[in-house]
Amino acid sequence: MSNYKMETKCVQSGYNPGNGEPRVLPIIQSTTFRYTSSDQMGRLFDLEESGYFYTRLQNPTNDAVAAKICDMEGGVAAMLTSSGQAANFYAIMNIAEEGDHIVCASALYGGTYNLFAHTIRKMGVKATFVDPDCTEEELNAAFQENTKAVFGETIANPALTVFDFEKFAKAAHAHHVPLIVDNTFATPINCRPFEWGADIVTHSTTKYMDGHAACVGGAIVDSGNFDWAAYGDKFAGLTTPDETYHGIVYTEKFGKAAYITKATSQLMRDLGSIQSPQNAFLLNLGLESLHLRMPRHCENAVKMAQYLQGHEKVAWVNCPSLPGSKDYDLVQKYMPDGTCGVITFGLKGGREAAVKMMDKLKLVAIVTHVADARSCVLHPASHTHRQMNEQELLEAGVQPDLIRFSLGIENIEDLIADVEQALED
């Protein structure tokens, strides 16, 4: 449905029922699929034929939702994973292995930072973190001979740093590696990274895409633009025979679908972080209203930020969409229609005042979540990023007094009233 507008893709892409088939995407709640021919089953296992035989590898419900997200992002192939963390892990490990290296923007979600700084390091893949505002010279200096990818977040969680796509894409491609971007906060409603040079996009579909805090999930989308074969020695896993599938060469057999096919047939086969069909069904329901919800999230975020800017007890406010934000020019370039529904702020009383205010909220909840229909707050230094030391927090853009405020789609007057009473002595 590449010729349709985004609103239509949100509702219609991915699933096209035939005569007499269900109008709504069905949940194929089956681990296995029946065949009458042993030879056909063998061809499926050898990747010689396309089809379903075990849900850990492919499932019709999951594939339909992946196809919708792929269409929304403008990619050529996509897959669902069990979580956003799994999506980011697979996206890197599909092309990196022991002895390799990646370059990352330092403003990252705490879980992603921990994944790249510590967990994959134990697997032999090292990461160099660079300031998102670094110069081109500083960025290029971070690359090594064994660098396999560059990674960043469209809008960093919770620093809200806006990613300079063109700067990072230029550096990545100059060093013959792909740019991988987590587009969770912006969603394809507000930003399509492929249009700015990104090669692979990941999502925590748990957030705005689901939009109701009902199901955990992730997604990986490949643009099909990176030429793996041109750098065959660097990406041997894609360009040389895979002996676990009788010598198949992914780039030769699957073309632009090589990256996602390898991620599915190798990583999902061996690690199994599959999204359940039930969760994919719920995710699809969320996607159908994504284009309606995102403008409301963004509108509420701007209005709340403006209110907080005028409050005597508020020390600072960060909302990238507001004039005066350090990344405002990047927002106008990459996301002129809006960023996301998340803002951050600090109180003049510091961490103690932040905790006191949060505990007094009645409508807005303190939860370990972000980016759904219900408004919520969190103190990242105490919660999502508590595994980081003080220096790591500052490098990630997380100040000790930072409160992350995720604006839902409620009435903004009610939300402001709740914050107002919580700030009273």
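Computed from a predicted structure; not experimentally measured.
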For this session: Can you sort out the partners of E136 under salt bridge (Lys or Arg N to Asp or Glu O under 4.0 Å), two or more places apart, ordered by chain and number?
Result: K170
Exercise. Closest heavy-atom contact between P188 and M6?
Worked result: O-CE, 3.5 Å
Problem set entry | Donor-acceptor contact present, side-chain S273 to main-chain S82, <3.5 Å | no
Exercise. Which atoms form the tightest heavy-atom contact between Y259 and I95, and what is the distance?
Worked result: CE1-CG2, 3.8 Å
Problem set entry | F165/E195 under side chain to side chain contact (heavy atoms under 4.5 Å, CB included): CA gap, chis, key distance, verdict | CA-CA 9 Å; F165 291 97; E195 297 175 359; over 6 Å; no
Problem set entry | Side-chain donor/acceptor of K234 to backbone N/O of H176, under 3.5 Å | no
Problem set entry | Smallest separation among heavy atoms of T339 and P320, with atom names | CG2-CB, 4.2 Å
Seminar exercise, completed: Sorted by chain and residue number, the ring pair (Phe, Tyr, Trp, His ring centres under 6.0 Å) partners of F194 (sequence neighbours excluded) come out as none
Exercise. Do Y52 and D63 get their side chains close enough for a donor-acceptor pair, meaning under 3.5 Å?
Worked result: yes
Exercise. Looking only at atom types and distance, does a side-chain atom of Y334 sit under 3.5 Å from a main-chain N or O of E166, one as donor and one as acceptor?
Worked result: yes
Exercise. Would a distance-only check, ignoring hydrogens and angles, find a side-chain to backbone donor-acceptor pair under 3.5 Å from H203 to T205?
Worked result: no
Problem set entry | D327 CG to M335 CE distance, which is reported to the nearest 0.5 Å | 8.5 Å
Exercise. Any side-chain heavy atom of M123 sitting closer than 4.5 Å to one from T119?
Worked result: yes
Problem set entry | Donor-acceptor pair between D242 and T244 side chains, under 3.5 angstrom | yes
Exercise. Should S106 and P132 count as side-chain neighbours, where that means a heavy-atom distance under 4.5 Å?
Worked result: yes
Show which side-chain atoms of residues 97-104 pair as donor or acceptor with protein atoms under 3.5 Å away, not counting sequence neighbours.
{"residue": "D100", "atom": "OD2", "partner": "E97", "partner atom": "N", "Å": "2.9"}
{"residue": "D100", "atom": "OD2", "partner": "K148", "partner atom": "NZ", "Å": "2.8"}
{"residue": "H101", "atom": "ND1", "partner": "T147", "partner atom": "OG1", "Å": "2.7"}
{"residue": "H101", "atom": "NE2", "partner": "T128", "partner atom": "OG1", "Å": "2.7"}
{"residue": "H101", "atom": "NE2", "partner": "Q144", "partner atom": "NE2", "Å": "3.4"}

For this session: Check whether any side-chain N or O of R293 sits under 3.5 Å from a backbone N or O of G286 as a donor-acceptor pair, and report yes or no.
Result: yes
Exercise. Which residues satisfy the side chain to side chain donor-acceptor pair (under 3.5 Å) test with S276, sequence neighbours excluded?
Worked result: none
Exercise. Measuring from K167:NZ to L139:CG, what's the distance to the nearest 0.5 Å?
Worked result: 6.5 Å
Exercise. Has R121 got more than 12 heavy atoms of other residues, nucleotides or ligands less than 6.0 Å from its CZ?
Worked result: no
Exercise. What do you reckon, is CG of D233 surrounded by more than 12 foreign heavy atoms closer than 6.0 Å?
Worked result: no
Problem set entry | Atom pair SG (C70) and CE (M79), whose distance is rounded to the nearest 0.5 Å | 12.5 Å
For this session: Would you confirm whether T135, through its side chain, and E138, through its main-chain N or O, come within 3.5 Å as a donor-acceptor pair?
Result: yes
Problem set entry | With sequence neighbours excluded, residues passing salt bridge (Lys or Arg N to Asp or Glu O under 4.0 Å) with K303 | E299
Seminar exercise, completed: M358 and I366 have their tightest heavy-atom pair at O-CD1, 3.5 Å
Exercise. How about L407 and L415: do any of their side-chain heavy atoms sit closer than 4.5 Å?
Worked result: yes
For this session: Tell me yes or no: between the side chains of T184 and S204, is some donor less than 3.5 Å from an acceptor?
Result: no
Exercise. Can you tell me if T112 uses its side chain to pair, donor with acceptor, with the backbone of L108 under 3.5 Å?
Worked result: no
Exercise. What is the distance from atom CG of L290 to atom OG1 of T187, rounded to the nearest 0.5 Å?
Worked result: 4.5 Å
Seminar exercise, completed: With sequence neighbours left out, the residues meeting side chain to side chain donor-acceptor pair (under 3.5 Å) with N190 are none
Problem set entry | Derivation and outcome, side chain to side chain contact (heavy atoms under 4.5 Å, CB included), residues C10 and I189 | CA-CA 9 Å; C10 285; I189 302 300; 3.8 Å; yes
For this session: Report the residues that fulfil salt bridge (Lys or Arg N to Asp or Glu O under 4.0 Å) with E49, sequence neighbours left out, ordered by chain and then residue number.
Result: R43
Exercise. Parallel, tilted or perpendicular for Y245 and Y250, by the 30°/60° rule?
Worked result: perpendicular
Exercise. Do you know the tightest heavy-atom contact between L363 and D418?
Worked result: N-OD2, 2.9 Å
Problem set entry | K253: side-chain contact (heavy atoms from CB on, under 4.5 Å) partners, not counting sequence neighbours | E48, I248
Problem set entry | Ring centres under 6.0 angstrom apart (F129, F116) | no
Exercise. Would a 4.5 Å heavy-atom cut-off, applied to side chains only, mark L271 and M93 as touching?
Worked result: no
Exercise. Does E7 have any salt bridge (Lys or Arg N to Asp or Glu O under 4.0 Å) partners at least two apart in sequence or in another chain, and if so, which?
Worked result: none
Exercise. Which atom pair, heavy atoms only, marks the closest approach of S30 to N59?
Worked result: O-ND2, 3.9 Å
Seminar exercise, completed: The reported gap from CG in D372 to OG in S375 (rounded to nearest 0.5 angstrom) is 8.5 Å
Problem set entry | Heavy-atom check, side chain of V150 versus side chain of H175, under 4.5 Å | no
Exercise. Does the side chain of D182 reach to within under 4.5 Å of the side chain of Y109, using non-hydrogen atoms?
Worked result: no
Exercise. Applying the side-chain contact (heavy atoms from CB on, under 4.5 Å) test to P158, which of V342, L378, I343, L402 qualifies?
Worked result: L402
Exercise. Taking only residues two or more places apart in sequence, or in another chain, which ones meet Y54 in a ring pair (Phe, Tyr, Trp, His ring centres under 6.0 Å)?
Worked result: none
Problem set entry | Check ion pair D133-K326 (N to O, under 4.0 angstrom) | yes
For this session: Run the ring-centre check on F226 versus F235 and record whether the distance is less than 6.0 Å.
Result: yes
Exercise. Do E73 and S223 come close enough that some side-chain heavy atom pair is under 4.5 Å?
Worked result: no
For this session: Report yes if some heavy atom in the side chain of S325 is under 4.5 Å from a heavy atom in the side chain of N318; otherwise report no.
Result: yes
For this session: Tell me, please, which residues at least two apart from H297 pass ring pair (Phe, Tyr, Trp, His ring centres under 6.0 Å).
Result: Y208
Exercise. How many angstroms lie between CD in Q275 and OG1 in T81, if you round to the nearest 0.5 Å?
Worked result: 7.0 Å
Exercise. Ignoring hydrogens and geometry, is there a side-chain-to-backbone donor-acceptor pair from R374 to E410 under 3.5 Å?
Worked result: no
Exercise. Any donor-acceptor pair under 3.5 Å linking the side chain of D222 with the backbone of A77?
Worked result: no
For this session: Please collect all side chain to side chain donor-acceptor pair (under 3.5 Å) contacts where either partner lies in residues 343-357, sequence neighbours excluded, each pair once.
Result: R351-S382
For this session: Check V221, V201, N284 against I69 for a side-chain contact (heavy atoms from CB on, under 4.5 Å) and give me the one that passes.
Result: V221
Problem set entry | Donor-acceptor contact present, side-chain D71 to main-chain K9, <3.5 Å | no
